[in-house]
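Notes to accompany the following structure.
Worth knowing before you read on, the calculation uses all heavy atoms, side chains too, and leaves out hydrogens, waters and symmetry mates.
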Amino acid sequence: MAKDFARMENSNCSSNPSFHEISDPARRTVLRAGLGVALGGLLAPLAGCASPGSHKPLLGFASVPVSTADRIVVPEGYIAQVIAPWGDPVGLPEHSPAFRTDAGNSAVEQAAQLGMHHDGIHYFALHGSERGLLVLNHEYTDEGLLFADGQQNWSAEKVRKAQAAHGVSVIEVVQRQGRWEQVRPSPWARRITAYTPMAVAGPAAGHALMRTSADPEGRRVLGTLNNCGSGITPWGTYLSCEENFINYFSGGDSLSEHEKRWGLRKGGGGGYRWHEHDARFDATREPNEPNRFGWIVEIDPMDPASTPIKRTALGRAAHEGATVTTTKDGRAVVYMGEDARFEYIYKFVSRDRIQSGGARANTTLLDHGTLYVARFDADGSGEWLPLTHGQGPLTAANGFADQGDVLIKSRQASDALGATKMDRPEWIDIDHQGWVYCTLTNNSNRGTGRNPGTDAANPRAGNSMGHIVRWKEDGDFDSTRMRWNHFVLAGDPANTRAEARGNVQGDLFACPDGLWTDARGLLWIQTDMSTSAMGKGDLARLGNNMMLAADPATGEIRRFLTGPRGCEITGATATPDGRTLFINIQHPGESPSERSDPADPGKYSTWPSGQPGARPRSATVVIRKRDGGVIGT
């Protein structure tokens with residue numbers, strides 16, 4: 001998230017520990033670099049180079065235990081309130097349909113309601129910490145919950161409703177007597193769906209690979225989808241990230257190398273079946289339509305009439321997040337992870353400085369600049385490699401005709417540059433000392449078959465638990481050199497299996513996903529554990545997904561919250577006073593081994609209603625202290 005981060009100073013600390021000192025989860029080393037603090041392999045003191053006794057602890061709550069209950073558990077002295085569940089009206093002045101518990105809402109009604117599977121979120125203040133806008137993503141749909149009969153009797157209307165349940169919602173919220181509620185109707189209320197008109201800007205706008213029969217100029221796209229992580233800009237806009245977009249498209253029997261590199265399959269990889277009733281999702285008929293997704297979408301929440309813009313200068317990827325900070329001279333820097341096995345971490349540096357005057361004064365700022373991809377070297381150094389046409393291998397002779405080509409084929413360009421293939425890079429955030437953190441959820445394919453083996457940044461074969469890597473730039477945020485290390489390897493230090501053995505100091509967790517630094521400097525970690533990545537025994541010991549807080553200066557990690565059964569904890573944002581925390585609960589009741597059964601939608605969870613047989617509903621959760629204090633203290 002964009003903050004007025006402390007700028008990186010010239011550190012007085014000596015060089016970082018070696019890779020072997022920081023990455024062996026079985027070691028208990030006394031960290032060098034002049035710290036003299038034993039932390040069981042964690043490198044947290046490097047964040048601020050604090051000496052013993054010089055740091056005031058940030059963690060002010062008692063950790064909650066592991067849970068398998070179908071409810072939210074928060075620390076003693078805290079309360080959790082559910083608002084904005086899937087299907088509630090967003091508060092459009094002209095249309096406010098109620099949620100039907102039998103899944104009977106039409107496509108038109110769903111387009112005026114909150115979408116499914118909430119993810120990234122941010123609070124934009126209208127009146128300080130008492131009234132504001134929540135902007136949140138809706139990642140995907142579960143047809144077993146969305147329709148009374150699931151995918152039976154599949155139709156154009158069902159496709160339209162599923163598309164309406166994707167995208168982004170803008171809602172107005174207000175605090176009254178310690179409780180938060182939606183404001184309905186609201187002049188700011190808005191739904192952005194998979195068929196909302198969007199502009200295309202930047203070097204790939206108008207490119208031959210962006211043109212379709214419906215848009216021969218390649219500058220206007222209908223919709224955004226699989227919106228996962230998010231970010232905000234210093235000029236007050238919201239960045240929504242298109243992640244696993246390729247699963248919505250169906251390819252043919254013969255796929256190009258470009259289509260194969262992006263995972264296109266015949267019939268589609270996600271079972272959405274949109275191509276059966278919407279020709280643009282049939283890549284045999286519209287081969288360029290997939291190229292129009294996988295972008296960062298910029299949205300101005302304060303102008304409900306504004307057109308969302310796909311910013312192609314930031315590159316095409318299965319984007320998980322977009323964290324914005326600024327250089328000392330006022331240029332924007334956007335850090336981005338691509339949530340897919342063996343994909344990359346990116347950084348964009350704007351050409352121009354941020355101007356005063358908000359969104360209108362910075363309408364083209366993200367269209368000009370340099371996109372980089374990260375290489376992590378074994379000696380703890382790293383380099384940002386520019387994805388710039390004409391430099392190195394990124395030439396027409398190697399299949400990159402121009403800069404638009406490089407950006408549309410960012411995976412191929414990163415391959416050519418020799419960037420480091422990572423274990424599913426997800427959210428990125430920055431602490432108050434200028435360390436940049438990235439969660440790497442897991443990669444059970446690491447070192448198997450013909451897949452890439454371990455490397456310095458991704459040290460565990462069959463990595464089922466995930467880890468968090470961090471780096472500090474050599475100078476300002478626009479530097480092309482960095483120093484990196486592992487903040488934590490998730491998993492149990494006592495686990496006998498190397499791929500699941502971690503070095504967590506504090507409460508155990510696995511599969512880090514969401515990441516957010518609050519105003520006090522706490523690093524909040526959200527998990528996405530499932531049996532598809534972890535063993536059933538490991539998952540049973542860790543229970544439901546959770547949210548934890550880490551003190552970057554000590555490395556201690558405490559469990560703050562556990563969610564209902566089958567959910568993922570996603571997104572985090574707070575009011576300016578730090579006394580209200582908003583998070584999202586995504587896909588409660590999900591089973592990794594089967595789709596939701598429309599005949600028994602509450603089989604695994606009935607959260608948040610708790611009523612027998614009820615459909616589980618993703619929702620936003622408000623967390624406050626009973627005494628009205630700052631969260632985490």
Side chains of [X] and [Y], donor plus acceptor under 3.5 Å:
| X | Y | result |
| --- | --- | --- |
| Asn442 | Asn463 | no |
| Asp402 | His207 | yes |
| Ser240 | Asn227 | yes |
| Trp235 | Glu298 | yes |

For [X] and [Y], I'd like to know if the aromatic rings sit close, meaning centre-to-centre distance below 6.0 Å.
| X | Y | answer |
| --- | --- | --- |
| Phe293 | Phe249 | yes |
| His138 | His166 | no |
| His117 | Tyr140 | yes |
| Tyr372 | Phe348 | no |
| Phe281 | Trp274 | yes |

Could you give me the CA-CA distance, side-chain angles and deciding distance for Tyr238 and Thr233, then say whether side chain to side chain donor-acceptor pair (under 3.5 Å) is met?
CA-CA 7 Å; Tyr238 181 80; Thr233 67; over 6 Å; no

What's the separation between atom [atom1] in [X] and atom [atom2] in [Y], rounded to the nearest 0.5 Å?
| X | Y | atom1 | atom2 | answer |
| --- | --- | --- | --- | --- |
| Ser230 | Ile121 | OG | CD1 | 8.5 Å |
| Thr570 | Trp427 | OG1 | CH2 | 7.5 Å |
| Trp524 | Ile569 | CH2 | CD1 | 12.5 Å |

Review point. Is it true that a side-chain atom of Asn226 and a backbone atom of Asn244 form a donor plus acceptor pair closer than 3.5 Å?
Key: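 A pair under 3.5 Å: yes.
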
Query raised in the report: Is a side-chain donor or acceptor of Arg460 paired with a backbone partner of Gly466 at a separation under 3.5 angstrom?
Result: yes

Do Leu407 and Gln403 touch side chain to side chain, with heavy atoms closer than 4.5 Å?
yes

Please determine if [X] and [Y] form a salt bridge, counting it only when a charged side-chain N lies under 4.0 Å from a carboxylate O.
| X | Y | result |
| --- | --- | --- |
| Arg497 | Glu499 | yes |
| Arg411 | Glu338 | yes |
| Arg424 | Asp339 | yes |
| Arg311 | Asp367 | yes |
| Arg375 | Asp377 | yes |
| Asp455 | Lys421 | no |

Taking every heavy atom of Thr439 against every heavy atom of Asp513, the minimum-distance pair comes out as OG1-O, 2.7 Å

Does Arg331 form a salt bridge (charged side-chain N to carboxylate O under 4.0 Å, His left out) with Asp352? I'd like the steps, not just the answer.
CA-CA 6 Å; Arg331 287 171 295 131; Asp352 303 323; over 6 Å; no

Open item on the list: Counting only heavy atoms from other residues, nucleotides and ligands, does the tally under 6.0 Å from CZ of Arg285 exceed 12?
Closed with: no

Exercise. Flag yes if more than 12 heavy atoms outside Arg261 fall under 6.0 Å of its CZ atom; otherwise flag no.
Key: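 Count over threshold, so yes.
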
Requested in this report: Assign the ring pair Tyr248 / Tyr272 to parallel, tilted or perpendicular, where the plane angle (0 to 90°) is split at 30° and 60°.
Outcome: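 Taking Tyr272 first and then Tyr248, their aromatic rings lie parallel (interplane angle under 30°).
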
(Q) Below 30° counts as parallel, above 60° as perpendicular, anything between as tilted: where do the rings of Trp384 and Tyr335 land? (A)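 Tilted: the ring planes of Trp384 and Tyr335 meet at 30° to 60°.
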
Would Arg316 and Trp262 count as a cation-pi pair here, with the cationic atom under 6.0 angstrom from the ring centre and within 45° of the axis? yes

